[in-house]
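Nothing here was measured: the structure is a model prediction, and the numbers come from that model.
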There are 2 protein chains.
Amino acid sequence: MVYINGMELSELKKQFEQFLKQKGYKITKSRLDLVDKIASYGTHFEIEDLVMWITSQDRGTASRSTIYRTIRLLQDFGAIREVIKLGNRTIYEFVAGRPHHEHLICVKCGKIIEFSREEIEELQDRVCEEYRFTPINHRLEIFGVCSECSSTV
Amino acid sequence: MVYINGMELSELKKQFEQFLKQKGYKITKSRLDLVDKIASYGTHFEIEDLVMWITSQDRGTASRSTIYRTIRLLQDFGAIREVIKLGNRTIYEFVAGRPHHEHLICVKCGKIIEFSREEIEELQDRVCEEYRFTPINHRLEIFGVCSECSSTV
DNA sequence: GTCTGTGCAAAATCTTTGCAAGATA
DNA sequence: TATCTTGCAAAGATTTTGCACAGAC
């Protein structure tokens, strides 16, 4: 069985189908295929990379438009998040089945390090309560230089 | 005297001049004027809004290119930061002379609430130490719905 | 059969850049 | 005077959209 982030992939797709049905959208090969493609591509990705990678694969040629449209659906569904915004780049992450976490981003080599701290979730709750703000999600990005890059002067 | 974020504006401009000189850039009317314009525009802004506002002012008509270029210089200088990245929008903030803080962003009305917690700075330091990562800056965005918007159903 | 999705190309945004003219040092 | 900056328009990069055809229900 194929597991993605500890969740069985076919289970995820089943849930996505439910989501589509519930929203009145259609279950298409394109949409389900894209879930496979993203799952096998890797955790973090930018849309252009994904488009090029998918296009380079023999079969399965979802158009750029469909990829953009489906990414949006997957964001609504909650399987994908924009986790890093650096300059004009947007880096997405497959988050389905994973606990929330944050990112360290090396501005020299682009390496992404994930970490999580329960304190951040608690802090969010306390701050939001204070401002009577209903949180939907949060994103903590720490930009800096990783150990390899700082040792290479 | 004009204070911006608790710092005297002419002092900030003087420091900016030093920065330019040190970098081998020239001190131009355009650049210094833009600092005034941004200071009087308000804390948070998007470039397009700033361009339109500046263009609508009688005198002072920095071109879009110059604004983009100067904003970049002010970011390097440290007076301005990209604090919110929402979809394809980038919201900047005049941070000169202010302690670091984070933002709550209402996804319904766009309201921005600032808050700061010393814990976040400490947490950043601890996490970075653990990964031997040298932090340059960080950004915590909490997206959600503010009290006004949630009471209006 | 009806309605939605897809692919394509065009358009819309947002940002950067080449170049000639102007300002700064 | 030498060099950097500016404004403009063009080019880039990224994302969205109108429309005709194809596919899902």
Worksheet item: With a 3.5 Å cut-off and just heavy-atom distances, do the side chain of Ser65(B) and the base of dT17(C) make a donor-acceptor pair?
Response: yes
Discussion item. According to salt bridge (charged side-chain N to carboxylate O under 4.0 Å, His left out), who are the partners of Asp36(A), at least two apart in sequence or on a separate chain?
Written reply: Lys13(A)
Worksheet item: Between Tyr68(B) and dT15(C), is there a side-chain N or O to OP1/OP2 distance below 4.0 Å?
Response: yes
Worksheet item: How sharply is the helix from dG1(C)-dC25(D) to dA25(C)-dT1(D) bent, taking the axes over five pairs at either end and rounding to 10 degrees?
Response: 30°
Response to the item:
By nearest-nucleotide position on DNA chain C, the 5'-leaning member of Leu73(A) and Thr90(B) is Leu73(A)
Fill in: Along DNA chain D (nearest heavy atom to each residue), the more 5'-positioned of Gly24(B) and Ile67(B)
Gly24(B)
Practice prompt. With heavy atoms under 4.0 Å as the rule, sort Arg31(B) into base, sugar-phosphate or nothing.
Written response: sugar-phosphate
Worksheet item: Tell me: NZ of Lys23(A) to C1' of dG5(C), nearest whole Å?
Response: 17 Å
Worksheet item: Would Gln15(B) and Glu11(B) count as having a side-chain donor-acceptor pair, cut-off 3.5 Å?
Response: yes
Worksheet item: Can you check the Leu20(A) CG to dT6(C) C1' distance for me, whole Å?
Response: 15 Å
Practice prompt. Salt-bridge test for Arg31(A) and Glu17(A): reply yes if a basic N is under 4.0 Å from a carboxylate O, no otherwise.
Written response: no
Worksheet item: Taking OP1 and OP2 of dT13(C), is either one under 4.0 Å from a side-chain nitrogen or oxygen of Arg89(B)?
Response: no
Discussion item. Could you tell me how far apart Arg72(B) (CZ) and dC14(C) (P) are, to the nearest whole angstrom?
Written reply: 17 Å
Side-chain donor-acceptor pairs under 3.5 Å in residues 116-124 of chain A, sequence neighbours left out?
unit_1, atom_1, unit_2, atom_2, d
Arg117(A), NH2, Glu130(B), OE1, 2.7
Glu119(A), OE1, Arg126(B), NH2, 3.1
Glu119(A), OE2, Arg126(B), NH1, 3.3
Gln124(A), OE1, His138(A), ND1, 2.4

Practice prompt. In whole angstrom, give the distance that lies between atom CZ of Arg64(B) and atom C1' of dA11(D).
Written response: 15 Å
Fill in: Whole angstrom value for the distance that separates P of dC14(C) from CG of Leu86(B)
13 Å
Item to complete: Could you state the atom-to-atom distance from CG of Asn88(A) to P of dT17(C) in whole Å?
Response: 10 Å
Item to complete: Kindly compute the distance separating CG (Leu34(A)) from OG1 (Thr66(A)), expressed to the nearest 0.5 Å.
Response: 8.5 Å
Worksheet entry | Qualifying residues under salt bridge (charged side-chain N to carboxylate O under 4.0 Å, His left out), relative to Glu82(B), sequence neighbours excluded | Lys85(B), Arg139(B)
Worksheet item: Quick one: side chain to side chain contact (heavy atoms under 4.5 Å, CB included) partners of Arg132(A), sequence neighbours excluded?
Response: Ser147(B)
Discussion item. Check this one for me: any side-chain N or O of Ser30(A) less than 4.0 Å away from OP1 or OP2 of dT6(C)?
Written reply: yes
Response to the item:
The residue among Phe94(A), Phe16(A), Tyr25(A) that forms ring-ring contact (aromatic ring centres under 6.0 Å, His included) with Phe77(A) is Phe16(A)
Discussion item. Under 4.0 Å from OP1 or OP2 of dT6(C): is there any side-chain N or O of Ser63(A) that close?
Written reply: no
Worksheet entry | Pair Glu148(B) + Lys111(B), salt bridge at N-O below 4.0 Å | yes
Worksheet item: Rounding to a whole Å, what distance do you find between Leu32(A):CG and dT4(C):C1'?
Response: 15 Å
Fill in: Mutual orientation of the aromatic rings belonging to His103(B) and His44(B) [parallel < 30°, tilted 30-60°, perpendicular > 60°]
perpendicular
Practice prompt. Rounded off to whole Å, could you give me the CZ-to-C1' distance for the Phe19(B) and dC4(D) pair?
Written response: 15 Å
Worksheet item: Which parts of nucleotides 20-25 of chain C does protein reach within less than 4.0 Å, heavy atoms only, written one letter per nucleotide 5' to 3' as B for base, S for sugar-phosphate only and - for none?
Response: ----BS
